[in-house]
Student: 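One structure coming up, written as C-alpha cells, with questions to follow.
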Amino acid sequence: MAFPEPKPKKPELPKKLLQDLECKQGAVRAVRFNVDGNYCLTCGSDKSLKLWNPHKGTLLKTYSGHGYEVLDAAGSFDNSQLCSCGADKTVVLWDVATGQVIRKFRGHAGKVNCVQFNEEATVILSGSIDSSIRCWDCRSRRPDPIQILDEAKDGVSSLKVSDHEVLSGSVDGRVRRYDLRAGELYSDYIGSPVTSVCFSKDGQCVLAASLDSTLRLLDKDTGELLGEYTGHRNTAYKLDCCLSEDDTHVGSCSEDGKVHFWDLVEGSLTLSLPVGRGVVQSLSFHPSEPCLLTATEGRVQFWREASHAEPVAS
C-alpha cells in the first residue's frame, strides 16, 4: 500500500531578525550575498568595502582602495576574488584573502552603478551612468575594455549575468538582454526609469523595478508582461528587487522603511517587513535558503524564516 505524498510545505519568507549590524562605513549603498550565501559584502559611502559572516554577525575584512563611495560589489564563483565599483568611475578587482587591489579598471565617464563577474570570473561587467556596459578581462594586462555595450540611451542602473546572457536596466526605461551565444539584443520598454533587474532562478522570467513604484515580471523570451506588483514606494532612489530562492515570491526595497514581498502567481502582497525608519536602499536574497539581507542607512539586517531554529552549540 502506497502512502500519500506529504503535502509540500508552504514556502516561508524571512521575517525573523537574527542580526542587526552597525557597519561603521557611512551609508550602506549595497549589500550582497556571495555565491553560496555564507558571506556577504557591504558597500559604504565612506569608500570602504566590507566582508562579513552575517550568520554570526562578524566582520571578516575591510577593503580600502576606492576614491569615493562604493556602489556595488560581487564575489567570484570560488570566493577568491571580489569586484566592486563606485562613484570614482573605477572598477576594482580584489584578492579576498590579502585585501590587496589586483587591478583597477578605468574607462567609464561617470559613476559606475553596478558590477558583476561572468561565471568563470574571467570577465567583469560594469554598468555606468555614462550609458554604457563595459567588459573587462581579469587575466590580461590591457587597460581598455574588451567590449563596450552602448545601446542604452541613459545611465545603466542594474546588471545581471547568466552563463550566456547579460541583463541590464536603464534610466531610459528599457530592460535589455544580450544573448551572447546568438549575438542578439532584446529590448523591452517599461516606460519608467528602471532601477533594478534580475533573472528568475529557473531562467524563464525577468523581474524589473522602476520609479513608478511598480515591479514587473516579464517572460524572458517573448517580453510578455506576466505580472505587476505594487504597494511599495519607489519614486526617487535606485532600489533593489529580488525573487525568493524558490521563485515563489518577488520582493522589493521601499522608500517607506520596509521590504515588501508579493506572491509571484497571485500578485497579492504577502509580507511587509518593517526594516527601519529611512529608505531601505538594498537587499539580497540567499541563493538557496529563505534568508534575506537588508540595508538601511548605516546598518545591515539579517533575516530568517520564523520557524528557523539556531543550531545548539555543543
Side-chain angles (χ1 to χ4, degrees), residues 23 25 28-44 46-55 58-108 111-128 133-149 156 158-168 180 198-199 240 282 284-288 293 295 300:
C23 295
Q25 51 184 155
V28 178
R29 295 296 181 217
V31 59
R32 301 284 179 253
F33 271 116
N34 74 327
V35 184
D36 52 23
N38 292 335
Y39 305 101
C40 74
L41 295 160
T42 55
C43 305
D46 72 345
K47 315 178 195 172
S48 75
L49 179 66
K50 292 188 176 184
L51 177 68
W52 304 79
N53 179 334
H55 303 267
T58 48
L59 174 64
L60 302 172
K61 208 164 190 65
T62 300
Y63 301 84
S64 305
H66 273 284
Y68 209 63
E69 54 182 18
V70 187
L71 297 175
D72 195 15
S76 63
F77 71 96
D78 60 358
N79 293 326
S80 69
Q81 294 181 334
L82 305 173
C83 60
S84 62
C85 63
D88 57 2
K89 309 181 190 173
T90 65
V91 175
V92 181
L93 176 65
W94 307 84
D95 182 278
V96 168
T98 64
Q100 297 298 307
V101 173
I102 301 171
R103 298 282 307 278
K104 258 193 188 184
F105 301 101
R106 295 181 175 87
H108 280 295
K111 71 176 185 181
V112 188
N113 287 322
C114 43
V115 67
Q116 291 268 293
F117 279 110
N118 68 340
E119 277 211 320
E120 297 79 37
T122 51
V123 176
I124 296 172
L125 293 94
S126 56
S128 164
I133 296 170
R134 287 168 194 253
C135 311
W136 312 92
D137 188 338
C138 299
R139 296 171 299 181
S140 87
R141 281 269 160 244
R142 46 184 287 191
D144 40 334
I146 47 177
Q147 194 172 3
I148 299 176
L149 307 172
V156 177
S158 180
L159 185 63
K160 292 289 184 294
V161 181
S162 74
D163 58 350
H164 67 283
E165 296 168 307
V166 177
L167 180 69
S168 73
L180 303 176
C198 57
F199 289 110
D240 292 334
S282 182
S284 183
F285 210 98
H286 192 285
S288 57
L293 290 167
V300 163

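Nothing here was measured: the structure is a model prediction, and the numbers come from that model. Keep in mind that the numbers below use all heavy atoms, side chains included, and drop hydrogens, waters and symmetry copies.
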Student: Tell me, please, which residues at least two apart from Glu119 pass side chain to side chain contact (heavy atoms under 4.5 Å, CB included).
Tutor: Asp163

Student: Is Tyr39 atom OH crowded by more than 12 heavy atoms from other residues, nucleotides or ligands, each under 6.0 Å away?
Tutor: no

Student: Verify whether one side chain among Thr58 and Asn53 offers a donor that lies under 3.5 Å from an acceptor in the other.
Tutor: no

Student: Hey, are the side chains of Leu71 and Val112 touching, using non-hydrogen atoms and a 4.5 Å cut-off?
Tutor: no

Student: Excluding sequence neighbours, so at least two apart, what forms salt bridge (Lys or Arg N to Asp or Glu O under 4.0 Å) with Asp36?
Tutor: none

Student: In terms of relative ring orientation, are His286 and Phe33 parallel, tilted or perpendicular, with 30° and 60° separating the classes?
Tutor: perpendicular

Student: Side-chain contact, heavy-atom cut-off 4.5 Å: Val101 with Trp94?
Tutor: yes

Student: Do Arg32 and Val115 have side-chain heavy atoms sitting under 4.5 Å apart?
Tutor: no

Student: Got Thr122 and Cys138 here, is their nearest side-chain heavy-atom distance under 4.5 Å?
Tutor: no

Student: Counting neighbours of NZ on Lys160 that are heavy atoms of other residues, nucleotides or ligands and sit closer than 6.0 Å, is the number greater than 12?
Tutor: yes

Student: Decide yes or no for Asn113 and Asp72: does some side-chain heavy atom of the first lie under 4.5 Å from some side-chain heavy atom of the second?
Tutor: no

Student: Of Arg134, Gln116, His108, which is the lone residue that meets side chain to side chain donor-acceptor pair (under 3.5 Å) with Ser126?
Tutor: His108

Student: List the steps, then state whether salt bridge (charged side-chain N to carboxylate O under 4.0 Å, His left out) holds for Lys61 with Asp95.
Tutor: CA-CA 11 Å; Lys61 208 164 190 65; Asp95 182 278; over 6 Å; no

Student: Quick one: salt bridge (Lys or Arg N to Asp or Glu O under 4.0 Å) partners of Arg139, sequence neighbours excluded?
Tutor: none

